[in-house]
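Computed from a predicted structure; not experimentally measured.
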Amino acid sequence: MLDHYEYFKSEVYKLTKIDLNCYKEKQMRRRIDTLATKNKAGSYEEYIEMLKSNHDLFDQFVNFLTINVSEFYRNPDQWELLDKTVIPKLIADHGKTLKIWSAACSTGDEPYSLVMAFSKHIPLSNIQIIATDIDKQVLAAAQMGLYNEKSIANVPDEFKKKYFTKVGNSYQISDEIKKCVSFKEHNLLKDPYPSDCDLILCRNVVIYFTEEAKDEIYRKFFQSLRDKGVLFIGSTEQITNYKEIGYTRMSSFYFEKNV
């Protein structure tokens, strides 16, 4: 529908440092065209000028561009494996002070889930999670910590009672959980990665990237992990060349670094 997509990609990068070349073009372009049309932009050039001059439209664009589908304890069976196998192994290998990174954390559901999962094994005072995302709006929502009933459906009952307060039709997560998470803006395709991580969680995000971008991200995660550190990926993802990178496959969605 709209022309000059190459120009649009270069202008978006100047504005946001988001490289659209790393996303599957057909899927991403369809999303962008829908939003541009909704805002009555007749061309990519016109839409870019709208984004430059209208702060609300710019925030809407970044929020629409980034994929924010999240919930607490998403795929509960995988979190059970984390609780029963992965966390005890990490504590045995590295002790009770662990460096944990929740990458592309969206609205905070997953890093907060991590805090609760680890709280069964170590004191909250020992838990510190770095949670990053490219989208300022979802980071702001994460720091607010207010969720609907559907988002917290999979939270174990003991944690619902202990760490959530009902506010109207929503649920506010407790400050003692929030204190364990540091939220930061981060672009997986551009920014430096944290180092010496014991656990990295990045789930249902890289499916939107090209194969080349996926490979680069998984290699960077490998470099970010300390020896015997673990990468936890999503149920929609796979690392086909995990052996080539250097990972050992613990299960379908957990990969260990061994050097």
### Distance in Å, Leu188 CG paired with Ile217 CD1, rounded so as to fall on 0.5 Å steps
5.0 Å

### Task
Would you check if Cys202 and Phe232 make a side-chain contact, meaning some heavy-atom pair closer than 4.5 Å?
no

### Query
Does one hydrophobic cluster hold both Leu146 and Tyr163, with members joined at side-chain heavy-atom distances below 4.5 Å?
no

### Query
Same cluster or not: are Leu139 and Met144 linked, directly or through other Ile, Leu, Val, Met, Phe, Trp or Tyr residues, by side-chain heavy atoms under 4.5 angstrom apart?
no

### Summary
Hits for salt bridge (charged side-chain N to carboxylate O under 4.0 Å, His left out) against Glu244, two or more places apart or cross-chain, chain-then-number order -> Arg219

### Query
So do Phe253 and Asp77 actually touch side chain to side chain, heavy atoms under 4.5 Å?
no

### Query
Are any of the side-chain nitrogens in Asp109 or Arg74 under 4.0 Å away from the carboxylate oxygens of its partner?
no

### Task
Side-chain contact test, heavy atoms from C-beta onward, threshold under 4.5 Å: evaluate it for Ile245 versus Phe255 and give yes or no.
no

### Task
Side-chain contact test, heavy atoms from C-beta onward, threshold under 4.5 Å: evaluate it for Ile239 versus Leu231 and give yes or no.
yes

### Test item: Glu185 and Asp133 side chains (from C-beta on) under 4.5 Å apart, heavy atoms
no

#### Entry: Polar contact flag, side-chain donor to acceptor under 3.5 angstrom, Tyr44-Asp33
yes

### Query
Charged N to carboxylate O under 4.0 angstrom, Asp227 versus Lys257?
no

### Task
For a side chain to side chain contact (heavy atoms under 4.5 Å, CB included) with Leu199, tell me which candidate from Leu82, Leu98, Ile129, Leu225 qualifies.
Leu82

### Query
Does a donor on one side chain and an acceptor on the other come within less than 3.5 Å for Ser170 and Asn148?
no

### Message
Could you work out, with side chain to side chain donor-acceptor pair (under 3.5 Å) as the rule, every residue matching Asn241, not counting sequence neighbours?
### Response
Asp215

### Task
Determine, for Glu256 against Lys228, whether the closest basic-nitrogen to carboxylate-oxygen distance falls under 4.0 angstrom.
no

### Query
Thinking salt bridges, do Lys89 and Asp93 make one under a 4.0 Å N-O criterion?
yes

### Message
Quick one, Phe159 and Lys120 - any side-chain contact, counting heavy atoms below 4.5 Å?
### Response
yes

### Task
For residues Phe164 and Phe72, determine if any side-chain heavy atom of one lies less than 4.5 Å from a side-chain heavy atom of the other.
yes

## Note on the structure
Residues at least two apart in sequence or cross-chain that pass side chain to side chain donor-acceptor pair (under 3.5 Å) with Asn187, listed by chain then number, are none

### Query
Roughly how far apart are Ser113 OG and Asn154 CG, rounded to 0.5 Å?
9.0 Å

### Message
Using the side chain to side chain donor-acceptor pair (under 3.5 Å) criterion, which residues pair with Glu6? Sequence neighbours excluded.
### Response
Lys9

### Sidechain-backbone polar pair: Ser224 side chain, Pro194 backbone, donor-acceptor under 3.5 Å
yes

### Task
Starting at OH of Tyr208, measure out to CE of Met28 and round the result to the nearest 0.5 Å.
9.0 Å

### Message
Applying ring-ring contact (aromatic ring centres under 6.0 Å, His included) as the test, list every pair that has at least one member in residues 91-135; sequence neighbours left out.
### Response
Trp101-His186, Trp101-Tyr193, Trp101-Phe221, Tyr112-Phe183

### Message
Tell me whether the NZ or CZ atom of Lys214 lies within the 45° cone about the ring axis of Phe209 and under 6.0 Å from its centre.
### Response
no

### Message
Can you tell whether the side chains of Lys162 and Glu158 come within less than 4.0 Å, N to carboxylate O?
### Response
no

### Gln238 atom CD, over 12 foreign heavy atoms within 6.0 Å
no

### Query
Do Gln60 and Asn39 have side-chain atoms, one donor and one acceptor, less than 3.5 Å apart?
yes

### Task
Answer with yes or no whether the hydrophobic clustering places Tyr147 together with Val167; edges join I, L, V, M, F, W, Y residues whose side-chain heavy atoms lie under 4.5 Å apart.
no

### Over 12 non-hydrogen atoms of neighbours within 6.0 angstrom of NZ in Lys166
yes

### Task
Answer with yes or no whether the side chains of Gln128 and Ser182 bring together a donor and an acceptor at under 3.5 Å.
yes

#### Entry: Lys52 and Glu11 ion-paired at < 4.0 Å
yes

### Message
I want to check something: taking the side chain as every heavy atom from C-beta on, are Ile233 and Arg203 in contact at a cut-off of under 4.5 Å?
### Response
no

### Query
Taking only residues two or more places apart in sequence, or in another chain, which ones meet Ser174 in a side chain to side chain donor-acceptor pair (under 3.5 Å)?
none

### CA sep, side-chain torsions, deciding dist, call: Asn204, Thr236, side-chain hydrogen bond (donor to acceptor under 3.5 Å, both in side chains)
CA-CA 6 Å; Asn204 309 306; Thr236 57; 2.8 Å; yes

### Query
Quick one: OH on Tyr73 to CD on Glu80, what's the gap to the nearest 0.5 Å?
11.5 Å

#### Entry: Single-linkage hydrophobic cluster, 4.5 Å side-chain cutoff, Tyr13 and Tyr7 together
no

